[in-house]
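Count residues from 1 along the sequence. All values below come from the heavy atoms of this structure, side chains included, with hydrogens, waters and symmetry mates left out.
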Amino acid sequence: MAAKRISQETFDDVVQENIIEFGMDPEEALNEAIQQFESQGVDLSNIVKIVPSPASENGQEQKHMVLQILDCLQKAVIDADSSKVDESLVNFARQCRQELSVRYLAAQKGAYPAVLAACRLASEERCSLLKALQALSALLEGQPDILDVPGQELLLRVLQESRDDADLTLAGVRCIRYACLKHEQNRQDLVKGGILALLSEAIVRHGDRADVVREACSGLRIMTFDDDIRVPFGHAHDHARMIVAEHNGLGILIEAAKAFTDDCSVLSEICATLARLSVRNEFCQEIMDLGGLNFIVALLADCIDHQELVKQVLSAIRAIAGNDDVKDAIVNAGGTDLIILAMSRHLGNPQVCEQSCAALCMLALRKPENCRVIMEGGGALAALQAMKTHPREVAVQKQACMLIRNLVSHTQDFSQPILEMGAEDLITEAREAHRDCDDVAKAALRDLGCKVELRELWTGQKGSLAR
């Protein structure tokens with residue numbers, strides 16, 4: 001059942017009632033209102049939980065600070081008072097960055113048209129336009145629905161006309177990123193408008209700016225998402241294909257990474273984006289041909305202690321290992337030992353364990369010789385240790401089960417050593433604890449030679465229903 005919701009006005013009225021009628025101090029009144037609504041099952045995620053400040057000298061009118069600043073911005077835009085617009089935009093952006101409920105309230109009260117008007121007003125003045133775009137990105141975060149066609153056109157125009165300005169490019173790309181996260185229609189509209197070329201060009205043109213490269217990579221990656229639950233089918237694969245085939249995305253990313261060998265945040269974003277683009281066999285091959293595979297393996301070796309970067313590198317290896325030739329190249333380059341080392345080094349991190357098991361699982365698929373290398377390197381033992389360390393993490397349990405199955409499906413000689421490591425009990429526990437593990441756990445147990453009860457759910461035969 002959908003959670004109940006209330007308006008900001010209703011919440012604020014109850015807070016004021018607690019203050020005036022029951023003599024509570026503001027903090028007590030606020031906490032009482034929160035408890036009252038939450039006990040009734042009301043979702044307060046969209047509510048600003050701050051006592052409004054007086055908006056007039058006599059204190060009669062109460063308004064949240066973001067709305068007071070919005071009033072100033074709207075008046076300044078109408079009056080075309082540039083200095084006042086700039087000041088209001090800076091203050092407004094600062095308020096919006098606090099939390100989503102503040103941004104939601106501002107949007108409900110007409111903030112988007114005001115900020116868009118400020119962007120148009122400042123179109124010829126660089127510093128003012130930068131402030132307007134920063135305010136727009138702050139407002140868009142978490143609520144991409146507010147962007148309309150005029151807003152899309154404005155952002156595309158800014159990125160086209162300000163190609164050489166790194167700061168304006170950064171601000172514009174950030175707006176694009178917030179507008180496209182969990183919003184398929186915005187993605188499709190902006191791709192039709194040429195955003196993929198603009199994002200790719202931003203990486204090349206401002207390849208010395210870590211913040212621009214990181215933001216533009218993130219923008220490209222979001223274009224390959226399929227995260228809008230309102231849309232049954234997205235264009236994620238098509239967008240990935242276009243980035244690679246029409247805009248040289250793989251070459252641009254691999255070349256960009258060479259300039260930031262010491263910047264883990266940029267390298268993490270580049271690896272995450274490469275993983276999202278490895279959607280075809282030939283794209284995985286292209287990454288290897290461009291030197292990307294050697295770079296990624298070397299990166300894993302050099303940055304083995306950086307947990308977040310390790311996770312993204314493993315994700316990239318997992319993705320490009322979809323190509324059988326690339327599988328062999330990864331193993332020949334020593335990638336297997338590095339993956340096992342990463343898992344052992346970061347055993348307490350479930351995401352690293354998941355990605356490590358998944359990468360080894362891909363390397364082992366249909367490759368008996370690779371399975372031997374993984375076994376000799378201690379891959380099976382490391383995966384079982386990950387299962388033991390993270391019994392509640394379904395993703396870790398699932399990937400480890402799939403790895404064990406791949407290791408023994410074509411090489412039965414590995415079954416007994418793996419069983420002696422305690423695999424049967426761990427896989428059985430995973431099956432019992434996680435419904436999503438049932439199929440892969442049964443397959444692993446079966447291929448290990450364990451007795452598995454295969455229940456026949458329905459035979460298709462007529463019969464009476466038991467009451």
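- For the atom pair CG of Asp263 and CG of Leu309, the computed distance is 10.0 Å after rounding to the nearest 0.5 Å.
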Check: residues 119-140 side-chain donor-acceptor pairs under 3.5 Å, at least two apart:
{"from": "Ser123", "atom 1": "OG", "to": "Arg120", "atom 2": "O", "distance (Å)": "3.0"}
{"from": "Arg126", "atom 1": "NE", "to": "Asp165", "atom 2": "OD2", "distance (Å)": "2.5"}
{"from": "Arg126", "atom 1": "NH2", "to": "Asp165", "atom 2": "OD1", "distance (Å)": "3.3"}
{"from": "Arg126", "atom 1": "NH2", "to": "Asp167", "atom 2": "OD2", "distance (Å)": "3.1"}
{"from": "Ser128", "atom 1": "OG", "to": "Asp86", "atom 2": "OD1", "distance (Å)": "3.0"}
{"from": "Ser128", "atom 1": "OG", "to": "Asp86", "atom 2": "OD2", "distance (Å)": "2.9"}
{"from": "Ser137", "atom 1": "OG", "to": "Gln134", "atom 2": "O", "distance (Å)": "2.9"}

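- For the residue pair Ser265/Arg214, the side-chain donor-acceptor check at 3.5 Å is satisfied.
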Name every donor-acceptor pair, under 3.5 Å, that has one atom in a side chain of residues 234-255 and the other anywhere in the protein, sequence neighbours excluded.
{"from": "His239", "atom 1": "ND1", "to": "Met223", "atom 2": "O", "distance (Å)": "2.9"}
{"from": "Glu255", "atom 1": "OE1", "to": "Lys258", "atom 2": "NZ", "distance (Å)": "3.4"}

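- For the residue pair Asp12 and Gln8, a side-chain donor N or O sits within less than 3.5 Å of a side-chain acceptor on the partner.
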Between Glu393 and Gln397, does the side chain to side chain donor-acceptor pair (under 3.5 Å) criterion hold? Intermediate values first, please. CA-CA 6 Å; Glu393 296 289 339; Gln397 301 293 317; over 6 Å; no
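- The backbone N or O of Cys96 lies less than 3.5 Å from a partner atom in the side chain of Arg103, making a donor-acceptor pair.
- The two atoms that bring Met387 and Val396 nearest to each other are N-CG1, 4.4 Å, heavy atoms only.
- Taken from CD in Gln152 to CG in Leu190, the straight-line distance is 4.5 Å, to the nearest 0.5 Å.
- Evaluation of the salt bridge (charged side-chain N to carboxylate O under 4.0 Å, His left out) rule for Asp164 yields Arg205 as partners, not counting sequence neighbours.
- Between the CD1 atom of Ile222 and the SG atom of Cys180 there is a distance of 7.5 Å, given to the nearest 0.5 Å.
- Remark: Asp305 engages Arg345 in a salt bridge, criterion side-chain N to carboxylate O under 4.0 Å.
- Side chain of Asn370 to backbone of Ala364: no donor-acceptor contact under 3.5 angstrom is found.
- Remark: Asp262 engages no residue in a salt bridge (charged side-chain N to carboxylate O under 4.0 Å, His left out) (not counting sequence neighbours).
- A salt bridge links Lys367 with Asp328: the closest approach of a Lys/Arg side-chain nitrogen to an acidic carboxylate oxygen falls below 4.0 angstrom.
- Between Val42 and Ile47, the closest side-chain pair of non-hydrogen atoms is not below 4.5 Å.
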I'd like a table of donor-acceptor pairs (distance under 3.5 Å, sequence neighbours excluded) in which one partner is a side-chain atom from residues 109-116, with atom names and distances.
{"from": "Lys109", "atom 1": "NZ", "to": "Glu9", "atom 2": "OE2", "distance (Å)": "2.5"}
{"from": "Tyr112", "atom 1": "OH", "to": "Asp148", "atom 2": "N", "distance (Å)": "3.3"}
{"from": "Tyr112", "atom 1": "OH", "to": "Asp148", "atom 2": "OD1", "distance (Å)": "2.5"}

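- At distances below 3.5 Å, not a single donor-acceptor pair connects side-chain atoms of Thr10 with backbone N or O atoms of Ile6.
- Ion pairing between a basic and an acidic side chain is recognised when a charged N comes within 4.0 Å of a carboxylate O; Arg366 and Asp324 show such pairing.
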Using distance only, find each side-chain donor-acceptor pair of residues 349-356 under 3.5 Å and give its atom names and separation, not counting sequence neighbours.
{"from": "Asn349", "atom 1": "OD1", "to": "Gln351", "atom 2": "N", "distance (Å)": "3.0"}
{"from": "Asn349", "atom 1": "OD1", "to": "Val352", "atom 2": "N", "distance (Å)": "2.9"}
{"from": "Asn349", "atom 1": "ND2", "to": "Gln307", "atom 2": "OE1", "distance (Å)": "2.6"}
{"from": "Gln355", "atom 1": "OE1", "to": "Arg318", "atom 2": "NH1", "distance (Å)": "3.4"}
{"from": "Ser356", "atom 1": "OG", "to": "Val352", "atom 2": "O", "distance (Å)": "2.7"}

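- Remark: the backbone N or O of Ala395 is not paired with any side-chain donor or acceptor of His390 at under 3.5 angstrom.
- Ion pairing between a basic and an acidic side chain is recognised when a charged N comes within 4.0 Å of a carboxylate O; Asp71 and Lys63 show such pairing.
- Here the side chain of Asn46 pairs no donor or acceptor atom with the backbone of Ser101 at under 3.5 angstrom.
- Applying the salt bridge (charged side-chain N to carboxylate O under 4.0 Å, His left out) criterion to Asp228, with sequence neighbours excluded, gives Arg230.
- For Lys49, the NZ atom sits in a packed shell: over 12 heavy atoms of surrounding residues, nucleotides or ligands are nearer than 6.0 Å.
- The salt bridge (charged side-chain N to carboxylate O under 4.0 Å, His left out) search around Arg157 returns none, not counting sequence neighbours.
- Counting only distance, with no hydrogens or angles, the side chain of Thr169 and the backbone of Leu159 share no donor-acceptor pair below 3.5 Å.
- With rounding to the nearest 0.5 Å, the separation of CG in Leu274 from CD1 in Ile287 is 5.0 Å.
- Applying the side chain to side chain donor-acceptor pair (under 3.5 Å) criterion to Ser39, with sequence neighbours excluded, gives no partner residue.
- Between the side chain of His346 and the backbone N or O of Ile304, at least one donor-acceptor pair lies under 3.5 Å.
- With hydrogens and angles ignored, the 3.5 Å screen pairs no side-chain donor or acceptor of Lys398 with any backbone N or O of Cys437.
- With rounding to the nearest 0.5 angstrom, the CG atom of Leu360 is 5.0 Å from the CD1 atom of Ile374.
- The salt bridge (Lys or Arg N to Asp or Glu O under 4.0 Å) pairs that include a residue from residues 281-294 are Arg280-Glu282, where partners are two or more places apart or lie in different chains.
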What pairs of donor and acceptor atoms, side-chain ones from residues 23-37 against any protein atom, are under 3.5 angstrom apart with sequence neighbours left out?
{"from": "Asp25", "atom 1": "OD1", "to": "Glu27", "atom 2": "N", "distance (Å)": "3.2"}
{"from": "Asp25", "atom 1": "OD1", "to": "Glu28", "atom 2": "N", "distance (Å)": "2.7"}
{"from": "Asn31", "atom 1": "ND2", "to": "Glu27", "atom 2": "O", "distance (Å)": "3.3"}

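- With sequence neighbours excluded, no residue forms a side chain to side chain donor-acceptor pair (under 3.5 Å) with Asn18.
- With Asn186 contributing its side chain and Ala179 its backbone, the two residues share a donor-acceptor pair below 3.5 Å.
- No donor-acceptor distance shorter than 3.5 angstrom exists from the side chain of Arg174 to the backbone of Ala171, with no hydrogens or angles considered.
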